[in-house]
Amino acid sequence: MNSKYDFQAIEKKWQKYWEEQNIFHVTEDPNRPKYYALEMFPYPSGNLHMGHVRNYAIGDVVARFKAMNGFNVLHPMGWDAFGLPAENAAIKNAIPPARWTSSNIVNMREQLKTLGISYDWDRELSTASPEYYKFTQWMFLKLYQHNLAYKKKAAVNWCPSCQTVLANEQVVEGSCERCDAAVDKKQLEQWFFKITDYAQRLLDDLEMLPGWPDKVKIMQRNWIGRSQGCQFSMDIEGCDEKITVFTTRPDTVFGVTYMVLAPEHPLVSVVSAGKPQEQQVQEFVKRMQYLSDMARTASDVEKEGVFTGAYAINPMNGEHIPIWIANYVLMDYGTGAIMAVPAHDQRDFEFARKYDIPVRVVIKGEESPLNADELAEAYAGDGVMVNSGTFDNYSVEDGKNAVIEYMQENNIGFGTVNFRLRDWLISRQRYWGAPIPIIYCDKCGIVPVPESDLPVILPEDVEFKPSGESPLNYVESFYKTDCPVCGGAAKRETDTMDTFVCSSWYFDRFCSPQETSLPFTRGAVDYWMPVDQYIGGVEHAILHLMYARFFTKFLHDINMLEAQEPFTNLLTQGMVLKDGAKMSKSKGNVVSPEDIIRTYGADTARLFILFASPPERDLEWSDQGVEGAYRFLNRIWRLVDEYADLIQEVSLPEDFSQLDENARKMRFKTHATIKKVSEDINARFNFNTAISAIMELTNMLNWYKDVEELDLAVFKEAINSLLIMLNPFSPHIAEELWQRCGNENSVQIQNWPKYDPQALIQDEIEIVVQISGKVKERIMVPVDSTEEELREIAQNNSRIKELTNGKKIVKIIVVPNKLVNIVAN
RNA sequence: GCGGAUGUGGCGGAAUUGGCAGACGCACCAGACUUAGGAUCUGGCGCCGCGAGGUGUGGAGGUUCGAGUCCUCUCAUCCGCACCA
């Protein structure tokens with residue numbers, strides 16, 4: 001008897017079943033190929049949004065599909081639980097961040113469970129738990145031991161009104177997010193990780209990642225920003241110091257007409273001392289100091305600078321050139337000083353024209369002028385060196401090498417490489433993060449917390465000042481401690497770590513989440529890592545993915561794991577849009593996953609979101625599209641439920657060779673669908689077309705069930721295949737119908753079907769006949785007809801005869817099993 | 001400015017190797033069932049045209065027997081980076 005598709009009861013039932021049977025729990029199994037499927041873990045904001053649903057639905061298709069194909073699949077989930085929103089909530093609602101966070105986790109875990117994702121919940125972790133951050137701190141200590149964690153002064157964003165440091169994300173158009181005051185820069189002691197030591201490897205090893213989107217690799221390459229050039233020193237007139245510059249254009253060194261120091265450069269005060277310009281220089285430096293990064297480096301800011309009164313000596317030709325300071329030279333790239341070649345660098349050109357500094361052409365391109373007065377802009381193209389003494393007539397490329405060689409021989413400078421990548425500033429003057437395991441002792445200086453004393457526990461019962469300043473500065477029981485070396489009174493570091501540190505190794509932790517003495521066990525991590533498929537938003541293309549790669553390489557180097565790269569394949573999913581815009585509270589276009597699941601069920605939500613667009617592309621939310629997905633599941637329900645009892649009795653034969661025409665058609669469709677769905681999931685990640693193929697199969701079954709001689713074996717085979725293939729997308733309904741068809745085991749543990757090549761053999765096929773490239777007729781022909789036969793058949797077709805009558809046939813192109821094109825005029 | 005992506009019916013999208021453009025779904029139209037339909041089923045559905053037919057993948061050229069797909073130029077939208085010497 002027909003029953004109603006009661007998704008609420010069904011979804012609850014099967015979620016309970018999976019949990020009780022613990023069917024997604026995995027352990028290492030050397031006898032089976034492993035597959036590690038991972039979605040970027042969420043920040044526990046308290047509510048699941050559609051972006052999450054999309055992310056996890058995609059991951060679940062991959063995980064379930066791989067499991068059904070015989071892989072031992074690790075598919076874990078956890079919480080990126082430290083971070084700013086918890087502190088803001090604490091200030092606003094007077095709830096301690098720990099409590100706010102854990103209740104959010106409870107809430108989101110419940111929501112996640114209603115989606116029915118195949119997670120091994122036994123491995124759940126939270127980065128804010130002492131069991132986890134103990135090892136985040138351990139990571140810090142290891143980096144410190146290997147001289148990859150260090151402290152130095154750095155300029156940070158400072159809100160003078162709130163009296164606190166701000167993260168870059170909290171600075172909105174140069175102002176404080178909270179109070180709107182103008183943010184300025186302040187020099188503070190900060191902790192850094194020396195990721196720059198890994199710059200070359202992070203760049204080179206992108207080659208090891210063919211499974212990453214080019215877009216992401218290009219972004220990382222640009223971010224690392226390797227540039228090859230040379231570094232050399234210039235003497236200063238009447239001064240013992242030398243100025244070192246980096247350039248990528250040593251071939252233009254004879255065109256240097258001035259040089260520039262960054263305003264923060266330590267030699268600025270030295271070279272300008274006692275000069276008439278000293279006062280002006282100091283004023284300029286001061287002005288630059290107070291400008292935010294934004295005001296200083298935005299592209300529309302005009303170049304400006306002042307002459308220091310000092311001169312440097314070009315070591316190549318002995319010329320004395322003026323030393324300037326200017327806003328467009330940055331202290332933290334290269335050496336903080338440049339040689340300026342206005343003829344061949346656009347920035348220098350603009351600056352020189354503004355301040356009437358001479359311009360000298362030293363590269364002559366085919367079209368470019370020799371006379372500097374004729375330059376409308378800098379010439380950065382190819383050419384040969386001119387006005388360059390013995391180097392004249394060298395090409396740009398050869399000239400670079402020749403000049404570097406000369407500099408090396410004469411101890412002027414040397415060839416070198418510079419990276420744009422900066423060291424990673426990891427300290428945050430905030431409360432809700434992993435405390436940096438460092439102690440300051442008046443006698444012993446900076447002392448790392450001994451490993452055996454980890455974790456440095458973050459006190460949870462704290463009070464927040466309305467200013468937003470970290471409460472750790474006021475918790476005496478936290479910061480007052482003894483020096484581990486001398487035993488004397490000492491003070492703990494009250495800064496905590498950037499949350500990106502926590503997320504740089506969580507995928508390793510998932511391999512052995514209960515381990516207590518090490519962050520992970522070697523056997524487990526080497527069995528599971530690297531992650532085979534990582535899925536998340538493209539917004540993490542640079543930071544998270546770069547940091548995770550850095551950590552993996554470091555852990556590899558200290559012999560903690562085998563992998564050199566954490567993520568073999570990366571899928572960057574598109575955003576979920578509504579009315580063409582990203583869903584957001586301020587736009588009021590948010591669709592709540594909870595509402596959708598309540599109204600239509602998780603299976604419908606998942607199916608729609610996977611069907612509406614391929615995963616990498618943005619997805620336009622459509623309430624009517626959801627209805628469509630829901631209707632489709634209802635159609636499957638009615639179809640299978642009606643015939644469930646009937647097909648229970650049927651056993652599938654080995655041999656399907658004696659079939660009538662309709663049965664053969666049906667079976668062809670079943671196996672063509674198996675082939676297509678398998679390929680679409682496995683090779684292309686095109687879930688939308690996989691689902692459309694399943695819909696076509698369903699449509700065909702609805703036709704076949706009403707034919708006169710229904711072959712129940714063929715019918716049953718199709719239904720079975722349909723349910724198994726539906727499972728990765730909409731697992732609850734698949735389980736329920738599978739059971740109603742009399743199967744005892746979960747559909748999840750079925751083997752993915754293999755298509756039968758016999759079923760795909762056709763004896764007739766439709767080909768197209770074109771006349772001069774336009775389709776004029778379709779003809780059924782025996783499959784694999786030869787070119788000769790096809791030519792014959794096409795030309796004998798009455799309609800084609802008629803249309804070519806009186807025309808001259810120039811040429812006939814035959815593509816077997818596809819088409820015949822008769823070129824006639 | 002540099003780098004990347006995208007552009008196909010009323011809408012989301014399909015066309016995987018240069019070979020039937022518009023699969024599948026939504027919306028819409030007509031019909032069936034029905035007390036009723038915002039349920040279900042059947043059929044139709046790019047545009048122009050009564051029709052034969054013509055035409056059509058942002059635009060303009062090109063290569064080819066044949067182009068959504070390849071090449072050149074161009075426009076639009078989105079994303080990333082943005083004085084990196």
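Just so it is clear, the model here is predicted, and its values are computed rather than measured. Heavy-atom basis, side chains included; hydrogens, waters and symmetry copies ignored.
B:U42 and B:C33 have their P atoms separated by 15 Å, with the value rounded to a whole Å. The same atom, C1', is picked in B:G13 and in B:G22; the two are 10 Å apart, to the nearest Å. Between B:U57 and B:U8, the two P atoms lie 11 Å apart (nearest whole Å). Nucleotides B:G25 and B:G61 have their C1' atoms positioned 37 Å apart, rounded to a whole Å. Annotation: B:U64 and B:U72 have their C1' atoms spaced 16 Å apart (nearest Å). On the C1' atoms, B:G46 is 30 Å away from B:A39, given to the nearest whole Å. Separation of the C1' atoms belonging to B:U69 and B:G19 is 11 Å when rounded to the nearest angstrom. As rounded to the nearest Å, B:G59 and B:G68 have C1' atoms that lie 15 Å from one another.
Put simply, A:Lys303 has no side-chain N or O that comes within less than 4.0 Å of OP1 or OP2 on B:C83. The phosphate of B:A39 (OP1 or OP2) has no side-chain N or O of A:Lys4 nearer than 4.0 angstrom. Considering only side-chain N and O atoms, A:Arg684 lies nowhere under 4.0 angstrom from the phosphate OP1 or OP2 of B:A14.
Residue A:Asp618 is in sugar-phosphate contact alone, with no base atom involved, counting any heavy-atom pair closer than 4.0 Å across all strands shown. Within the 4.0 angstrom heavy-atom criterion, only backbone atoms of the sugar-phosphate kind lie near A:Val823; the bases stay farther away. Across all strands shown, A:Lys676 has heavy atoms under 4.0 Å from base atoms, whether or not it also approaches the sugar-phosphate. Heavy atoms of A:Ser622 sit nowhere under 4.0 angstrom from any nucleic acid atom. A:Arg422 comes within contact range of at least one nucleobase, with a heavy-atom separation under 4.0 Å. Within the nucleic acid shown, A:Val775 comes within 4.0 Å of sugar-phosphate atoms alone, with no base atom in reach, counting heavy atoms only. Within 4.0 Å of A:Glu627, counting heavy atoms only, lies no atom of the nucleic acid at all.
For residues 799-820 of chain A, there are no salt bridge (Lys or Arg N to Asp or Glu O under 4.0 Å) pairs, not counting sequence neighbours. Counting only residues at least two apart or in different chains, salt bridge (Lys or Arg N to Asp or Glu O under 4.0 Å) contacts with residues 244-261 of chain A comprise A:Arg249-A:Asp251.
Judged as a side-chain contact (heavy atoms from CB on, under 4.5 Å), and not counting sequence neighbours, A:Glu539 has no contacts. Annotation: side-chain contact (heavy atoms from CB on, under 4.5 Å) contacts of A:Phe611 (sequence neighbours excluded): A:Ile691, A:Ser692, A:Met695. When the side chain to side chain donor-acceptor pair (under 3.5 Å) test is applied to A:Gln624, no partner is found at least two apart in sequence or on another chain. With sequence neighbours left out, A:Tyr600 forms a side chain to side chain donor-acceptor pair (under 3.5 Å) with A:Glu627. With sequence neighbours left out, A:Arg617 forms a side-chain contact (heavy atoms from CB on, under 4.5 Å) with A:Ser613, A:Pro614. A:Met219 meets the side-chain contact (heavy atoms from CB on, under 4.5 Å) test with A:Lys215, A:Ala541, A:Ile542; sequence neighbours excluded.
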Filtered N/O pairs between nucleotides 22-25 of chain B and protein, under 3.5 Å:
from: B:A23; atom 1: O2'; to: A:Glu696; atom 2: OE2; distance (Å): 3.0
from: B:G25; atom 1: OP1; to: A:Asn699; atom 2: ND2; distance (Å): 3.3

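Side-chain polar atoms of A:Arg635 and A:Asn699 form a donor-acceptor pair below 3.5 angstrom. No side-chain donor from either of A:Tyr5 and A:Asp641 sits under 3.5 Å from a side-chain acceptor of the other. Side-chain N/O atoms of A:Asp423 and A:Thr196 include a donor and acceptor closer than 3.5 Å.
If you check distances only, the side chain of A:Lys818 never reaches the base of B:U17 with a donor-acceptor pair under 3.5 Å.
When base pairs are accepted only as Watson-Crick or G-U wobble with both N-N or N-O distances under 3.5 Å, RNA chain B takes part in stems of 3 or more pairs at B:1-7 with B:75-81, B:10-12 with B:24-26, B:28-32 with B:40-44, B:46-48 with B:53-55, B:58-62 with B:70-74.
Interface residues of residues 334-346 of chain A facing RNA chain B, ordered by number: A:Ile338; criterion, heavy-atom separation under 4.0 Å.
Of the charged side-chain nitrogens involved, at least one lies within less than 4.0 Å of a carboxylate oxygen, so that A:Glu696 and A:Lys669 count as a salt-bridged pair. Taking 4.0 Å as the cut-off between side-chain N and carboxylate O, A:Lys354 and A:Glu302 count as a salt-bridged pair.
For the pair A:Lys675 and A:Tyr755, the cation sits on the ring face: its NZ or CZ lies under 6.0 Å from the ring centre, inside 45° of the axis.
Note: OH (A:Tyr630) to P (B:C26) measures 14 Å, nearest angstrom. Nucleotide B:G13 holds its P atom 13 Å from the CD1 atom of A:Ile609, rounded to whole Å.
Distances were taken from every side-chain heavy atom of A:Ile218 (C-beta onward) to each of B:G3, B:A85, B:U16; the shortest belongs to B:G3. The side chain of A:Asp680 approaches B:U16 more closely than any other nucleotide in the set B:A14, B:A82, B:U16. Taking only side-chain atoms of A:Arg638, from C-beta outward, the nucleotide of B:C41, B:G7, B:C83 with the closest atom is B:C41.
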Go through the steps for A:Gln573 and A:Asn55 under the test side chain to side chain donor-acceptor pair (under 3.5 Å), then give the verdict.
CA-CA 7 Å; A:Gln573 109 224 14; A:Asn55 194 180; 3.3 Å; yes
Protein proximity profile, nucleotides 66-72 of chain B - base contact B, sugar-phosphate-only contact S, no contact -, cut-off 4.0 Å on heavy atoms
-------
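Where A:Asn222 and A:Tyr333 each meet RNA chain B at their nearest nucleotide, the meeting point lying more 5' is that of A:Asn222.
Between A:Phe687 and A:Phe685, the distance separating the two ring centers is shorter than 6.0 angstrom.
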